[in-house]
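Naming: A, B, ... by sequence-line order, numbering from 1 per chain. Every value quoted in this text rests on a predicted model; they were computed, and no experiment measured them.
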Amino acid sequence: MVISLKEKFYSKEAVMKSIEDFKAVTPIKCVSEDGSFIIHISKVEDVPNIEEEFVNYVLALTQTE
Amino acid sequence: MEKNITITGNCVQISINPKLYPIEVIYSASYVFLDKYYILLDEDHKKNVLVHIKPKKNKSEISEDEMEALAGDFLNELINYADYNVRAKQTQKIREMLIQRSIITNDPEILKNDELNDEEFNHILDKLDEDYDEFLDDPKEIAIPWEEKYGNKTKDK
């Protein structure tokens, strides 16, 4: 699955920290392209909405920075 | 339905003008919804902020009316945090003064530090001295004990 997050709304530090935390659960990769973070995240059986959980996690970290 | 609210399936999309609500306010409002909803922030061609809200529950459990109510709740939360931000800016100076004053009251030696010894701090210290002098003044002689003031006179009944 691919998620696109605008760099304008999500901080780089929050994205990096989220990747660090999620990579223990599933393979995850991030590239920066046209002002967006493009995140490739693999499905996990136990967590059906892992991409949305990831986005929520990044938003929470961005807000609390 | 409001023109800035779109409901598609189990997702509510709200378009927000960033001139009305700064991004910090949108973050704060979104944060409130994170435990029950999935939130995604995006941008449209008019540079408005698009907030996608998707319930964590299954679609069958949520009616369209509930989705509209959800969008309304989000907009209310935006106003709540916008107001909070405005008030926080208005009262920033007084909050700083209160904290500085409480620190100085407990430890006046802190003013010996060059970084803190500015005009504002001196003003606060002067004000504290004035307050202390006022405390020592006793024009109505309240601080004088009863016995000292009236002796051992007792009122005969």
Parallel under 30°, tilted from 30 to 60°, perpendicular over 60°: which one fits the rings of B/Y84 and B/Y81?
perpendicular
Parallel under 30°, tilted from 30 to 60°, perpendicular over 60°: which one fits the rings of B/F74 and B/F33?
tilted
Using heavy-atom distances under 4.5 Å, tell me whether B/L40 contacts chain A through its side chain, its backbone, both, or neither.
both
Name the region of [X], side chain, backbone, both or neither, that has any atom closer than 4.5 Å to a heavy atom of chain B.
{"X": "A/S36", "answer": "neither"}
{"X": "A/Y57", "answer": "neither"}
{"X": "A/L5", "answer": "side chain"}

Which value, rounded to the nearest 0.5 Å, describes the distance between B/T6 atom OG1 and B/H52 atom NE2?
9.5 Å
How long is the straight-line distance from CD1 of B/I16 back to CD of B/E43, given to the nearest 0.5 Å?
12.5 Å
Quick one: of B/Y38, B/Y37, B/Y31, B/Y27, who has the most non-hydrogen atom pairs under 4.5 Å with chain A?
B/Y38
Looking only at heavy atoms, which two atoms of A/V58 and A/A14 are closest? And how far apart?
O-CB, 3.8 Å
